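Here's the structure, in structure tokens; my notes come after.
Throughout, numbering of the chain's residues begins at 1 and tracks the sequence. Order of appearance sets the numbers: ligands from 1, and atoms from 1 within every ligand. Computed from heavy atoms alone, side chains included, the values below leave out hydrogens, waters and symmetry copies. A quick note: this is a predicted structure, and the numbers were derived from the prediction, not measured.
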Amino acid sequence: MKILVTGGAGFIGSNFIRYILLKYPNYHIVNLDKLTYAGNLDNLSDIENHSNYQFFKGDICNFELVNRIVGDGVDAIVHFAAESHVDRSIYDPGIFVKTNVLGTQVLLESALKFKIDKFIQISTDEVYGSLGKEGSSVESSSLLPNSPYSASKASADLLVRSYFETFRLPAIITRCTNNYGPYQFPEKLIPLFITNALQDLSLPIYGDGLYVRDWIYVEDHCKALDTVLHQDKVGEIYNIGGKNEKTNLEITDLILKELNRSKSLVKHVKDRPAHDRRYSLDCSKIGAELGWKPDTPFEEGISKTVNWYVSHQGWWQKIKSGEYLKYYEKHYLQRESS
Ligand code: NAD
Ligand code: DAU
């Protein structure tokens, strides 16, 4: 099978490529990535010379380039490429619409033109919006996105759905909860807090820190996508979650405990606008229909993750000393002072 992975130089995409090449030595992977601030070829340095792996630097919005790649025998598209960080979508929504919505439409059009066998849209639990203390979203729950990021992902999901309904494009949408693990860009909660603690920098908790997310180890997400890729169903939506809801303060405590650092590093800062209080997915559909469930208990996953960042300081120090500093200054120093 020849798979086009978009956004394969990012966090989940790079973990997925490594997972697939190891598990299926005969599969071919083509990675199309624009290498934005979040795309990093260091994430794939161990497989860059693999004979079944090919990298193209380019934009998913470039129809001509996408057609050239898809037209060269691609069987399936696993579409990760996106602007993925909620805070950045508040500063600059336009690029989220461009990449996440228009870029997805370019890929759908090309998938249709070359009659590919499967299109997997990697989406998020954020499209369902914020939940109260109880209850979980099912695949048919209303879409109520609150940030420009989640609105752009929900819009892309609707386009994918329309290409299935109108043109019978064999598409599937997966909606996953918060991933954590190796190679996650250190602007997201877990890698930011691990690396800040290692640098003796403060851990900026937005608001009261009682916001709840469900955390899944990235390899479990990759296994779920492998399952979805290899089943016959099309036109379906599958929720994917880690069965592990925690407040941000609980996550912070666990990280500090793993690293043996003091709670005095914690600093409450200005809240994120329209900060969703809680996400929670009911994942019984993927369990019942495809037999998938998450394998990694959170205590094991977070310990592996902390150890990975401890033993890969070169990887994140390179990121944290570059362009990243401009974002950090703009975002955090401003937040801390208000
Ligand atoms: P990431 O930000 O780490 O990686 C995104 C990748 O996409 C980067 O390599 C970037 O260079 C590339 N990219 C961005 N714009 C592009 C464009 N126009 N053309 C080509 N490449 C482009 O993101 P991630 O955390 O790995 O998330 C991957 C996907 O999974 C996203 O679609 C995201 O919405 C979804 N998702 C993420 C999570 C999570 O917890 N991280 C949870 C659920 C769903
Ligand atoms: O739920 C899935 C989504 O998870 C994905 O679709 C997104 O791509 C991914 O970025 C992630 O979004 P979140 O907004 O949940 O992740 P983030 O790591 O930015 O924040 C997690 C929680 O931690 C959230 O409640 C905000 C809070 N937070 C975050 C940062 C970066 C802080 O309190 N302080 C911080 O510095």
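- For Lys2, the NZ atom sits in a packed shell: over 12 heavy atoms of surrounding residues, nucleotides or ligands are nearer than 6.0 Å.
- The heavy atom nearest to atom 18 (O) of ligand 2, considering only Asn196, Thr252, Leu189, is found in Leu189.
- For the pair Arg88 and Tyr37, the cation-pi test (distance below 6.0 Å, angle within 45°) is passed.
- Within 6.0 Å of atom CZ in Arg272, more than 12 heavy atoms from other residues, nucleotides or ligands are found, so the atom counts as buried in its surroundings.
- Heavy atoms of Lys188 found under 4.0 angstrom from ligand 2 belong to the backbone as well as the side chain.
- Checking only distances, Arg272 does come within under 3.5 Å of ligand 2, N or O to N or O.
- Contacts of Asp125 with ligand 2, taken as heavy-atom pairs under 4.0 Å, involve the side chain alone.
- Salt-bridge formation is detected for the pair Arg278/Glu245: a Lys NZ or Arg NE/NH1/NH2 atom is positioned less than 4.0 Å from an Asp or Glu carboxylate oxygen.
- Residue-ligand proximity, Tyr211 to ligand 2, at heavy-atom distances under 4.0 Å covers atoms 25 (O).
- In this structure, ligand 1 sits under 4.0 Å from heavy atoms belonging to Gly7, Ala9, Gly10, Phe11, Ile12, Asp33, Lys34, Leu35, Thr36, Ala38, Gly39, Gly58, Asp59, Ile60, Phe80, Ala81, Ala82, Ser84, Thr99, Ile122, Ser123, Thr124, Tyr149, Lys153, Cys176, Thr177, Asn178, Asn179.
- Near Tyr149, the atoms of ligand 2 lying under 4.0 angstrom from a non-hydrogen atom of the residue are 5 (C), 6 (O), 7 (C), 8 (O).
- In terms of protein heavy-atom proximity, atom 3 (C) of ligand 2 is nearest to Glu126 OE2, 3.0 Å.
- Checked against a 6.0 Å centroid threshold, the rings of Tyr206 and Tyr211 do not count as neighbours.
- In this structure, Lys293 places its NZ atom where only 12 or fewer heavy-atom neighbours from other residues, nucleotides or ligands lie under 6.0 Å away.
- At least one N or O atom of Asn248 sits closer than 3.5 Å to an N or O atom of ligand 2.
- Counting the atoms of ligand 2 from 1 in the order shown, those under 4.0 Å from a heavy atom of Leu192 are 36 (O).
- Close approach of ligand 2 to Pro204 is summarised as follows: ligand atoms under 4.0 Å from at least one heavy atom of the residue are 32 (C), 33 (O), 34 (N), 35 (C), 36 (O).
- To the nearest 0.5 angstrom, Arg277 atom CZ is 5.5 Å from Leu210 atom CG.
- Of the N and O atoms on the side chains of Tyr279 and Glu126, at least one donor lies less than 3.5 Å from an acceptor on the other residue.
- At a heavy-atom cutoff of 4.0 Å, ligand 2 is contacted by both the backbone and the side chain of Tyr206.
- A salt bridge links Glu289 with Lys233: the distance from a Lys NZ or Arg NE/NH1/NH2 to an Asp or Glu carboxylate oxygen falls below 4.0 Å.
- Within a 6.0 Å radius of CG in Asn260, other residues, nucleotides and ligands contribute 12 heavy atoms or fewer.
- Heavy-atom proximity to Ser84, at under 4.0 Å, picks out these atoms of ligand 2: 7 (C), 8 (O), 9 (C), 10 (O).
- For ligand 2, the polar-atom distance check finds no N/O of Cys176 at less than 3.5 Å from any of the ligand's N/O atoms.
- Considering every non-hydrogen atom in both Met1 and His230, the closest pair reads CE-NE2, 4.1 Å.
- Of the polar atoms of Thr124, at least one N or O is found under 3.5 Å from an N or O of ligand 2, judged by distance alone.
- Against a heavy-atom cut-off of under 4.0 Å, His85 is close to the following atoms of ligand 2: 19 (O).
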Step-by-step side chain to side chain contact (heavy atoms under 4.5 Å, CB included) determination, Leu112 to Leu108: CA-CA 6 Å; Leu112 196 62; Leu108 288 166; over 6 Å; no
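- For the pair Lys188 and Tyr180, the cation-pi criterion (under 6.0 Å, within 45° of the ring axis) is not fulfilled.
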Only pairs under 3.5 Å count here: list side-chain donor-acceptor contacts from residues 297-305, not counting sequence neighbours, and write none if there are none.
{"unit_1": "Thr305", "atom_1": "OG1", "unit_2": "Gly301", "atom_2": "O", "d": "2.7"}

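- Ion pairing between Glu109 and Lys113 fails under the 4.0 Å rule for side-chain N and carboxylate O.
- In the vicinity of Ile205, heavy-atom distances shorter than 4.0 Å reach the ligand 2 atoms 33 (O).
- For atom 25 (O) of ligand 2, the nearest non-hydrogen atom from the set Gln184, His275, Arg278 belongs to His275.
- Among protein heavy atoms, the minimum distance from atom 36 (O) of ligand 2 is reached at Tyr332 OH, 2.8 Å.
- For Glu187, every heavy-atom contact with ligand 2 shorter than 4.0 Å involves the backbone, none the side chain.
- The protein non-hydrogen atom at the shortest distance from atom 16 (O) of ligand 2 is Asn178 ND2, 3.5 Å.
- Asn239 places a side-chain N or O within donor-acceptor distance of the main-chain N or O of Ser137, the cut-off being under 3.5 Å.
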